[in-house]
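Note that this is a predicted model, so its numbers are computed, not measured. Letters A, B, ... are given to chains in the order of the sequence lines, protein chains preceding strands, and every chain is numbered from 1.
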Amino acid sequence: MQQRPGTPNDRAHQPLSTRIDRWQRRAAPYLFISPFFILFAIFGLFPILFSAYLSLQVWNPVQGLGTMRFVGLENYVFLLDDPWFWRSMSNTIWIAIASGLPQHLVAIPLAFALVMGVRSLRHPLTAIYFMPYITSAVAVALVFSTIFGTQFGVLNQVMAYLAQASWSAWLFGGLADTLPINWLGRAAYIKPAISILVFWQFFGFNVVLYTAGLATIPRTYYEAAQIDGASTRQSFWHITLPLLRPMIFFAVTFTIIGNLQLFDQPFILTGGTGGTAQSGMTAAMYLYRTGFEWLEMGTAAAISWLLFLVIGTLTVIHFYFFGRSGLETRE
Amino acid sequence: MQSTAVPPKEARQTPALLGGLIGKILLYGLLFFLALLTLFPFYWMFVLATHAQGDIFSAPPPVWFGDYLMRNYDALLARVPFIRNIWNSVYIALMATVTTLFFASLAGFGFAMYEFKFKKQLFAFVVASLMIPPLLGIIPYYLIIQALGWLDTPRAVWFPGMAGAFGIFLMRQYIASAVPKDLMDAARIDGASEFRIYWNIVLPIVKPGLATLGMLTFIGQWNNFLGPLIVLSSRENHTVPLALRTLQGLIQTDWGAVLFGTALAVVPLMIIFVLASKQVIEGLTAGAVKG
């Protein structure tokens with residue numbers, strides 16, 4: 001650290017430049033980190049507190065601040081009785097599971113195969129899987145809305161081909177009756193369509209996380225297992241999976257928090273409406289429409305708090321069941 | 001990270017665990033098939049961007065590039081001010097990147113190289129703020145921007161996030177591992193102020209970390225949709241994703257033009273990614289791996 005001055009008397013007699021120098025040295029770290037805290041106070045903390053306050057009001061912003069009226073928990077009571085709110089919540093959780101679970105079920109073995117079985121092509125393959133993650137969700141959702149087209153969408157055309165071609169009909173023939181599927185028009189297919197897009201866009205991110213996790217497992221463990229006569233599958237179940245648990249825990253946490261806030265993909269695929277019978281409307285979309293289309297700012301703020309509550313609860317449950325044991329193996 | 005991550009030399013020379021020629025062929029077949037599935041939508045986007053609306057909606061669909069590219073471009077410009085929209089996106093992404101690089105490295109430097117009161121708690125606070133769902137404050141965010149008179153201006157998008165917690169975390173880790181503390185004392189003896197140490201000594205050393213953070217910030221801001229959707233209303237001020245959304249919302253959607261626009265939205269990031277995929281991937285996963 002710095003040299004201490006001898007006595008207080010000395011300090012007073014020091015030249016001004018020395019005192020300035022000492023001051024700038026002491027203040028420097030606080031000055032350096034202060035921009036974050038100032039900006040967070042204005043654009044992070046204040047909005048959270050204000051949205052809690054707002055959720056207890058009825059307010060249409062067009063009519064000015066003066067028309068804000070305190071209504072207590074009325075917004076929450078309304079929402080808990082609102083079928084659209086429940087539908088958007090269950091849609092969100094449906095899509096979160098249907099797109100999230102397969103991501104991990106595919107990404108873990110895939111990362112294992114990449115690390116164990118592939119040498120030179122490991123990096124280019126990983127980069128390809130990862131590419132959708134860095135592209136604009138709006139752009140890829142638009143591309144997917146042409147892929148999902150009923151009459152001319154390439155997905156339906158490929159499925160129609162598979163259903164009638166001689167080599168694949170035994171497996172896909174059963175599809176013939178349901179084709180062509182109206183992916184984005186029929187209520188039953190909108191959530192699967194959104195989930196397919198979300199899976200496609202994010203599974204590569206998890207592959208990358210898991211390859212990074214696998215790289216921390218010493219190869220000698222596998223060699224010892226091999227000497228003892230263990231098969232690759234046994235190595236996977238008894239070495240890889242247990243040691244990968246901390247990474248699985250982190251990756252699933254990302255998926256929970258991210259998927260429950262899903263907005264861009266369902267918004268574009270359903271043209272901003274939520275689709276037939278709101279079957280593609282996520283909670284984030286409902287929040288957006290309530291606030292910015294119907295201008296019910298108080299209700300929208302209440303939705304954001306209820307959504308936060310759901311995210312928080314699920315994250316805590318996840319921590320409780322998997323977090324501690326996951327973190328212990330990491331020590 | 002565990003110190004055992006690097007195996008001894010002889011271990012690395014042992015053959016791969018998935019043995020057998022057939023197994024190898026099956027494995028590669030599967031991996032390549034998945035890679036093709038991943039790449040297909042991009043390929044499809046480029047193919048359709050070169051076709052007329054009528055060809056896109058035909059069976060069987062076109063599978064190779066057509067000659068309608070320039071006319072789709074004209075159709076795109078007839079519907080939205082797309083050149084202007086690209087400029088808006090570039091401007092917002094660059095402003096976000098430059099400011100984030102400065103404030104995040106400065107704060108990262110503060111947390112990495114100094115000892116001060118409440119440092120631990122303050123850093124824990126920065127990291128904890130990453131866990132807050134951004135949706136929670138979205139309504140008041142709009143109201144603040146409105147109160148500041150910033151609605152429909154670029155700074156409404158880039159200003160609030162310019163000292164982001166993720167960047168600070170990333171730079172703290174990087175600076176702590178890359179900058180020796182002795183260097184600080186040596187510079188002080190030479191009479192350098194603390195800010196000068198940051199500017200003249202630390203910044204040049206952490207250039208690779210800045211490059212990674214810069215790319216991540218640019219990519220994130222280029223793709224940002226919900227924020228701009230809320231605060232940017234007029235078409236001249238739209239960013240690229242908003243312009244694409246506008247095209248989709250028109251009564252007669254011209255899909256050739258839409259897909260030409262999406263291609264323009266995706267290509268810059270593809271170029272960045274092809275040039276620096278390793279850095280992008282490592283940067284984005286650094287938080288999780290080190291966490």
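With contacts defined as side-chain heavy-atom distances shorter than 4.5 Å, the pair Phe159(B)/Leu39(A) qualifies. Taking 4.5 Å as the limit, some side-chain heavy atom of Leu142(A) sits within range of a side-chain heavy atom of Trp255(B).
Heavy atoms of Leu130(B) lying under 4.5 Å from chain A are absent altogether. For Lys119(B), no part lies under 4.5 angstrom from a heavy atom of chain A. Only the side chain of Ile144(B) comes within contact range of chain A, with at least one heavy atom under 4.5 Å from a heavy atom of that chain.
A tilted orientation is assigned to the rings of Trp200(A) and Phe42(B), their planes being inclined by 30° to 60°. Between Phe263(A) and Phe225(B), the two ring planes are tilted [angle within 30° to 60°].
Options Val140(A), Ile147(A), Leu49(A), Val154(A) differ in how many heavy-atom pairs under 4.5 Å they form with chain B, and the most are formed by Val154(A). When the candidates Ile303(A), Leu287(A), Ile134(A) are compared by the number of heavy-atom contacts under 4.5 Å with chain B, Ile134(A) comes out ahead. Between chain A and the options Ile132(B), Val126(B), Val274(B), heavy-atom pairs under 4.5 Å are most frequent for Val126(B). Note on Gly272(A), Ala139(A), Ala301(A), Ala300(A): by heavy-atom pairs under 4.5 Å with chain B, the leading option is Ala139(A).
For the residue pair Pro241(B) and Val138(A), the shortest heavy atom distance occurs at O-CG1, 3.7 Å. Nearest approach of Pro29(A) to Gly110(B), heavy atoms of both residues: CB-O, 4.5 Å. Residues Ile268(A) and Arg245(B) come closest through the heavy atom pair CD1-CD, 4.0 Å.
Taking the six-membered ring where the residue is Trp, the centroids of Phe111(B) and Phe32(A) are separated by 6.0 Å or more.
Applying the side-chain hydrogen bond (donor to acceptor under 3.5 Å, both in side chains) criterion to Ser51(A), with sequence neighbours excluded, gives Trp305(A).
Distance CZ/Phe103(B) to CD1/Ile38(A): 9.0 Å, rounded to 0.5 Å.
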Thr38(B) and Phe203(A): CA distance, side-chain angles, deciding distance, side chain to side chain contact (heavy atoms under 4.5 Å, CB included) verdict
CA-CA 10 Å; Thr38(B) 310; Phe203(A) 88 98; 3.7 Å; yes

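The list of side chain to side chain donor-acceptor pair (under 3.5 Å) pairs with a residue in residues 124-148 of chain A, not counting sequence neighbours, is empty.
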